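Below, read A as the first sequence line, B as the second, and so on, with proteins coming before strands; counting in each chain starts at 1. Model, not experiment: these values are computed from the prediction.
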Number of protein chains: 2
Amino acid sequence: MNDTTRSARTPAPPRMTRQRAAVADALGDTDEFRSAQQLHELLRSRGDAVGLATVYRTLQTLADGGDVDVLRSEDGESLYRRCARREHHHHLVCRACGRTVEIDGPTVEQWAASVGAAHGFADIEHTVELWGTCAACRAADERSS
Amino acid sequence: MNDTTRSARTPAPPRMTRQRAAVADALGDTDEFRSAQQLHELLRSRGDAVGLATVYRTLQTLADGGDVDVLRSEDGESLYRRCARREHHHHLVCRACGRTVEIDGPTVEQWAASVGAAHGFADIEHTVELWGTCAACRAADERSS
DNA sequence: AGGAGTTTGAGAACCGTTGTCAACTCGGTT
DNA sequence: AACCGAGTTGACAACGGTTCTCAAACTCCT
């Protein structure tokens with residue numbers, strides 16, 4: 001059994017491609033949660049276009065690896081962001097521009113676990129997200145009205 | 001200007017129909033969060049079918065009026081439930097069967113508001129939901145494995 | 001019963017997302 | 001440097017949940 005013999009259980013080696021780099025790059029550029037379609041459009045306008053399907057695939061891979069955070073906008077769209085810390089945390093997101101602040105829910109984790117256990121539920125997961133309108137968007141909004 | 005003259009700003013009077021009653025009824029029967037499609041199927045199997053579009057419309061109306069709670073399942077589907085209390089609260093939901101326990105997030109509201117304000121965000125809303133597997137579903141699961 | 005205006009429902013349209021599969025690349029080999 | 005096998009891409013089809021359309025049916029009031 002030499003190096004090139006890849007036994008069946010070995011996952012599969014990731015490969016670096018222009019497209020993957022481009023997506024990762026676009027995510028690295030911003031602090032804001034972005035949809036797959038926004039990223040796709042951004043890349044296209046930048047000049048190094050990537051197929052929409054590839055954008056979705058790449059984001060999914062990144063998300064699975066914990067390299068990006070995913071959350072659902074209020075109307076169900078998936079939004080992606082490269083967060084500063086990999087540890088579990090929550091977000092305060094501007095619903096207009098996606099600007100995001102990473103926050104801690106000091107007691108949330110513990111509370112969630114104990115409430116779950118108290119009712120006989122297992123494998124507890126929790127969703128805690130804050131939505132608001134950031135100062136900049138508020139200002140922009142008033143200016144245009 | 002008599003009674004039958006409905007000035008433009010008056011919303012429009014809701015009207016009781018077999019369909020609306022059926023949907024409300026189906027919701028009243030269960031404690032569990034159900035999708036529009038599940039409710040549609042339930043009604044059909046019960047013998048008093050209601051068009052899918054009508055189920056969606058009715059649920060939306062009920063939700064707008066605060067008569068039912070809506071939340072998004074982990075894979076983005078909208079789920080509806082007639083909760084015992086109309087006041088703001090959170091849920092611990094079984095991801096397998098939809099069984100739900102209404103819970104309070106003692107300090108959550110305040111925490112959300114202050115975190116939002118601290119970062120200059122306005123119109124703060126928060127999503128706090130707990131997902132788990134209830135005891136019954138866990139038992140059922142083990143039995144079949 | 002009569003009539004104005006609301007509601008319904010079958011099917012089309014929508015929209016974000018995933019699947020398909022032949023062509024193309026990456027990365028290691030010869 | 002050319003070669004090759006396996007992973008990757010992308011145009012497009014397909015999917016699944018939800019909303020729209022609009023003619024026919026129904027509510028409610030007189």
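Per the geometry, CZ belonging to B/Arg20 stands 6 Å off C1' belonging to C/dT7, to the nearest Å. As a whole-Å value, the separation of A/Asp75 CG from C/dC14 C1' is 14 Å. Nucleotide D/dG10 holds its C1' atom 15 Å from the CG atom of A/Asp48, rounded to whole Å. At whole-Å resolution of the value, CE in A/Met16 and P in D/dA6 are 21 Å apart. One interatomic measurement links the two molecules: CG of A/Leu43 to C1' of D/dG10, which rounds to 14 Å at whole-angstrom precision.
Salt-bridge formation is not detected for the pair B/Asp75/A/Arg72: no Lys NZ or Arg NE/NH1/NH2 atom is positioned less than 4.0 Å from an Asp or Glu carboxylate oxygen. Using a cut-off of 4.0 Å between Lys/Arg side-chain N and Asp/Glu carboxylate O, B/Asp29 and B/Arg46 are scored as salt-bridged. At a threshold of 4.0 Å, the pair A/Arg82-A/Asp69 does not count as salt-bridged, since none of the basic side-chain nitrogens sits closer than that to a carboxylate oxygen.
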Nucleotide N/O to protein N/O under 3.5 Å, stretch nucleotides 15-17 of chain C:
from   : atom 1 : to      : atom 2 : distance (Å)
C/dG16 : O5'    : A/Gln37 : NE2    : 3.3
C/dT17 : OP1    : A/Ser78 : N      : 2.9
C/dT17 : OP1    : A/Ser78 : OG     : 3.3
C/dT17 : OP2    : A/Tyr56 : OH     : 2.5
C/dT17 : O5'    : A/Tyr56 : OH     : 3.4

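The aromatic rings of A/His90 and A/His126 sit tilted, their planes meeting at an angle between 30° and 60°.
Position along DNA chain D of the nearest nucleotide to B/Arg15 versus A/Gln19 favours A/Gln19 as the more 5'-ward residue. Each of B/Arg18 and A/Arg18 was assigned the nucleotide of DNA chain D with the nearest heavy atom; the assignment lying further toward the 5' end belongs to A/Arg18.
Under the 4.5 Å side-chain heavy-atom criterion for grouping Ile, Leu, Val, Met, Phe, Trp and Tyr, A/Leu39 is connected to A/Leu62 within one hydrophobic cluster.
Applying a 4.0 Å cut-off to non-hydrogen atoms, none of the residues of residues 61-68 of chain B approaches DNA chain C.
For D/dT8, the OP1/OP2 oxygens have no side-chain nitrogen or oxygen of A/Thr17 closer than 4.0 Å.
Considering only heavy atoms from C-beta on, A/Arg95 comes within 4.5 Å of B/Asp123 through its side chain.
Judged by distance alone, with hydrogens and angles left aside, the side-chain atoms of B/Gln38 form a donor-acceptor pair with the main-chain N or O of B/Ser35 at under 3.5 Å.
Taking the ring centroids of A/Phe33 and A/His91, they lie under the 6.0 Å cut-off.
Using a 4.0 Å heavy-atom distance criterion, A/Arg57 is classed as a base contact.
For the salt bridge (charged side-chain N to carboxylate O under 4.0 Å, His left out) with B/Arg81, the qualifying choice from B/Glu102, B/Glu32, B/Glu129 is B/Glu102, the only one to do so.
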